Amino acid sequence: MSACVPAHADSARTEHVHPPHSPPPRGPRRFRVAGADVSASIAVFLIALPLSLGIALATGAPLQAGLVAAAVGGIVAGRIGGCPLQVSGPAAGLTVVTADLIQQYGWRTTCAITVLAGLAQLGLGCLRVARSALAVSPAIVHGMLAGIGVTIAVAQLHIVLGGTPQSSVPDNLVALPAQLADVRPADLAVSALTLSLLSLWPRLPGRAGQLLGKLPAALIAVAGATAVAAVAGLRLPKVDLPSWSSHALATLPEGPVLGLVAAVLTTTLVCSVQSLLGAVAVDKLVAARPGLTGRVKRSNLDRELLGQGAANIVSGSLGGLPIAGVAVRSTANVAAGAVSRNSTMLHGGLVVIAALLLVPALELIPLASLAALVMAVGLKMISLNHIRTVTRHREVLVYAVTTAGVVFLGVLEGVALGIAVAVGVALHRLTRTRITHDETAGVHHVHVRGQLTFLAVPRLSRVLHQVPHGADAVVELDGSFMDHAAFETLQDWQKTHTAQGGAVDITGRRPGTRISEPADTDNCRCRPWTPWRNHQCERPPTAPPPGTTRQDSAAGTGPAAGPSGRTDRTGRAARADTAGPGPAEGADGPGGGRELARGISAFQRNTAPLVRGELARLAREGQQPSQLFLTCADSRVVTSMITSSGPGDLFVVRNVGNLVPLPGEEGGDDSVAAAIEYAVDVLKVRSVTVCGHSGCGAMQALLSAEPGGAQTPLRRWLRHGLPSLSRVPGGAGNHGDEGYAADAADAADADAGPRLAGRPCADTAERLSLVNVVQQLEHLRAHESVSRALRAGDLELQGMYFHVGEAQAYLLAEDGGEAVFRRVLETDVTV
């Protein structure tokens, strides 16, 4: 018997024994559905049902096709797709495309085109090009959706008025006056009621409005209009759902090959881009929901493309509309509390049940009510927020051209025009470089805004030669690209100007942008906020040549004396900014002055030109900070970085432990009280923030202090943290009066006091840091200037905790009377 085969007795004995230190084997996994998914699926179903019928009506397809697409999108795309909480189905963005295909090729060929588009999506998903689809300019996408929205609204307006829409927007606009002269009052009344309910339902006031507002406005609008039409006995066109036995399925495509290829590409493009953008948007919604980020994975865009392709193949084969991710349903799904893809799949199952069992009820819905609903959806696709965004980014031309192209020419033509204009705008920006020259205090400033390419060399040369010989000059490069021709032009001018006795300083927006001789090249490419010890720009020390003093070496070759690109009137390198007398001289150790000198030099080169104008304004107008920010003196807490604030925004007070002594207990140190009084009474700040942080040495010192001992200045200062220490369960020690006098706290619940949302405190020191923030806020209220401003409503107090290791900020909030520090996410504040 081979040695690799165990003996029969051994195998019999160990056959059913699980490995040591491992959990016992589980039985087969049972399918479980969370209650949150069930409730979310019902909410999405109530929204999807009327919208699916309305979109089918707008495209001119059989109304059952909308139900088929909704069911397939929920079940197939929900099961296979890479975005668990995105809901797919017939989308308003596909209405114009589908309507054109039905009019040109007929319904059954349109179904075949949907199948082919699904196959194309499968191919793109296998090629893993989903991320490439996101490279399309947002202005083009928003313009495409706006154009589709205009087309939908204009077409559905005819049905709202009781007529029949034409095939294109120009034809609908031409026919609109005649339609207005022949309005059918019943259709108009039902449409007006639908729009009124759609708009007013979310705005119901009071507690009743909060309860009723949970029902989807779309469902209430259509149901209300249907009920009124039935009670009033209005005679108007209604939903007609033929028998499923006569439902038309896909057939082999018929038509010109090039036309069919263009149709497939258009459908694939619109379906894919809308679904992928929707998946990215759903990720942002998920990130904004506390406690959900860890349970729901980020979208796999390639898998989402595969899921959308499979859904389109099934939908087209069963005679359904094209499918894409739908923003309205996805938003409702996340807002309703869905936690997995089960909610999407359940919603698809509910659509199947409704399509089979609720046909008599669905046939009571007036077409005018569905048309009004779809028209409102189309108008919402024209987003003012999108228009403001593209205007702010100077892409309004791309947006407008794409919108007009979609409205008057078609989706594919409009998108192609938008891409062409976007490329033209990009080339224009690349070649459009503004070069200005001015003189301030005898120094000539040449400011270059934009990219420096060979096309801008003639203008650059002309402006540079306007600088007089022998003058001091500063060239500010406000761009991220410079080609070889522009580099040589600038370098040749610099050599000539310095040879004629002038001084040149060339600065750039990117750290380390220099134009200088190779021997004087500053290799620093470190970004702002790079810690000194992590800089990669320090050259290894070299031994000074014979006969050279250490000071001479430091002034000429040491890292602190790195070149600034500035030369004096004799053409020699000027080192006055870093090599003068002071700490930089001979400071070779890691804590020496050269880091400070190098940092100041980098500020003067790279940052000062960008903030000089703002600092000059502050110098003229004086400081007007909006907030007093009281935090610890810890070197890792960089206030301006973690708050994204600039000069003049924060009035910062820092001390060991971010402590606020109570009035009368300062013990001869009134600095904190004086800063509070000055900030509140003189500067009129609107808020005061106390910010603690993780790994605080002061909190560790409070916890580990021994009774007695010498009363050093640090120990005397930390006595202001005793009230915080006494509030931590088990944290207060039995120290004497001369030390940190505090009786032992009762053995209270370990989770008492302020806490972090989403996770327990890591240790007692972190708990003490949180308690300390709350305690110091109470100390603040005891100061007369603060209490007076609080009573007048002119001031607010805020607590903040910054976790250094996670680079995560938490803000203090109330949750049922309990103090909770909640994470601040990028989605918490909307523009």
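Predicted model only: the values in this text are computed from it and were never measured. Nothing fancy with the numbering, it's 1 onward along the sequence.
- Side chains of Ile387 and Val396 form no contact here, defined as non-hydrogen atoms less than 4.5 Å apart.
- Between the side chain of His393 and the backbone N or O of Arg388, no donor-acceptor pair lies under 3.5 Å.
- Separating the CG atom in Leu384 from the OG1 atom in Thr391 is a distance of 10.5 Å, to the nearest 0.5 Å.
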Take Thr631 and Thr639 through the test side-chain contact (heavy atoms from CB on, under 4.5 Å) and record every step on the way to the result. CA-CA 8 Å; Thr631 188; Thr639 57; 3.7 Å; yes
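- Between His437 and His445, the distance from one ring center to the other does not fall under 6.0 angstrom.
- Within the 3.5 Å criterion, the main-chain N or O of Thr433 finds a donor-acceptor partner in the side chain of Arg459.
- Scanning both residues, Tyr801 and Ser769, for their nearest heavy atoms gives CE1-CB, 3.8 Å.
- Put simply, the side chain of Phe629 reaches to within 4.5 Å of the side chain of Met800, judged on heavy atoms.
- Formation of a donor-acceptor pair under 3.5 Å by the Ser461 side chain with backbone atoms of Val457 is not found in this model.
- We find the CZ-SG distance between Arg636 and Cys696 to be 8.5 Å, quoted to the nearest 0.5 Å.
- In this structure a side-chain-to-backbone donor-acceptor pair under 3.5 Å is missing from Ser645 to Met641.
- In this structure, the side chains of Val446 and Val474 stay at 4.5 Å or more apart for every pair of heavy atoms.
- To the nearest 0.5 Å, atoms CG (Asp634) and CZ (Arg654) are separated by 7.5 Å.
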Pair Cys761, Leu770 - check side-chain contact (heavy atoms from CB on, under 4.5 Å), show working. CA-CA 9 Å; Cys761 290; Leu770 302 179; 3.6 Å; yes
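- Asp438 places no side-chain N or O within donor-acceptor distance of the main-chain N or O of His444, the cut-off being under 3.5 Å.
- Put simply, the side chain of Asp492 never gets that close to the backbone of Thr489: no donor and acceptor are under 3.5 Å apart.
- To the nearest 0.5 Å, atoms CG (Asn772) and CZ (Arg767) are separated by 14.0 Å.
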Full working for side-chain contact (heavy atoms from CB on, under 4.5 Å) between Phe821 and Leu811: CA-CA 5 Å; Phe821 286 82; Leu811 283 181; over 6 Å; no
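- For Gln627 against Ser687, the heavy-atom pair with the smallest separation is NE2-OG, 3.1 Å.
- Ring geometry for His142 against His386 counts as parallel: the plane angle stays under 30°, on a 0 to 90° scale with 60° as the upper cut.
- Between Asp681 and Arg788 a salt bridge is recorded (basic side-chain N to carboxylate O distance below 4.0 Å).
- Taken from OG in Ser724 to CG in Asn658, the straight-line distance is 9.0 Å, to the nearest 0.5 Å.
- Using a cutoff of 4.0 Å between basic side-chain nitrogens and carboxylate oxygens, Arg781 and Glu778 are not scored as salt-bridged.
- Side-chain atoms of Glu766 come within 3.5 Å of backbone atoms of Ala762 as a donor-acceptor pair (strictly under, hydrogens ignored).
- Using a 3.5 Å distance cut-off with no hydrogens or angles, the side chains of Gln775 and Arg727 do pair a donor with an acceptor.
- The environment of Arg686 atom CZ is sparse: at most 12 non-hydrogen atoms of other residues, nucleotides or ligands sit within 6.0 angstrom.
- Between the side chain of His497 and the backbone N or O of Ala471 there is at least one donor-acceptor pair closer than 3.5 Å.
- By the 4.5 Å heavy-atom criterion applied to side chains, Leu812 and Leu777 are counted as neighbours.
- Looking at Asn655, its side chain does come within 3.5 Å of a backbone N or O of Leu659 through a donor-acceptor pair.
- Looking at Gln808 and His803, their side chains never bring a donor and an acceptor atom within 3.5 Å of each other.
- Taking 4.5 Å as the limit, some side-chain heavy atom of Ile676 sits within range of a side-chain heavy atom of Leu628.
- Inter-residue side-chain proximity for Val824 and Tyr810 is flagged as unmet; no heavy-atom pair is nearer than 4.5 Å.
- For the pair His779 and Pro723, the minimum side-chain heavy-atom distance is below 4.5 Å.
- What you find for Val660 and Val672 is that their closest heavy atoms are CA-CG1, 4.4 Å.
- With respect to the salt-bridge test (charged N to carboxylate O, under 4.0 angstrom), the residues Arg823 and Glu806 do not qualify.
- Side chains of Ser785 and Glu677: no donor on one and acceptor on the other come within 3.5 Å.
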Please determine whether side-chain contact (heavy atoms from CB on, under 4.5 Å) holds for the pair Leu703 and Leu768, giving the CA-CA distance in whole Å, both sets of side-chain angles, and the decisive distance to 0.1 Å. CA-CA 9 Å; Leu703 289 171; Leu768 178 57; 3.7 Å; yes
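- With rounding to the nearest 0.5 Å, the separation of CG in Leu718 from CZ in Arg716 is 11.5 Å.
- The backbone N or O of Arg715 sits less than 3.5 Å from a side-chain atom of Thr712, completing a donor-acceptor pair.
- Side chains of Val771 and Pro754 form a contact here, defined as non-hydrogen atoms less than 4.5 Å apart.
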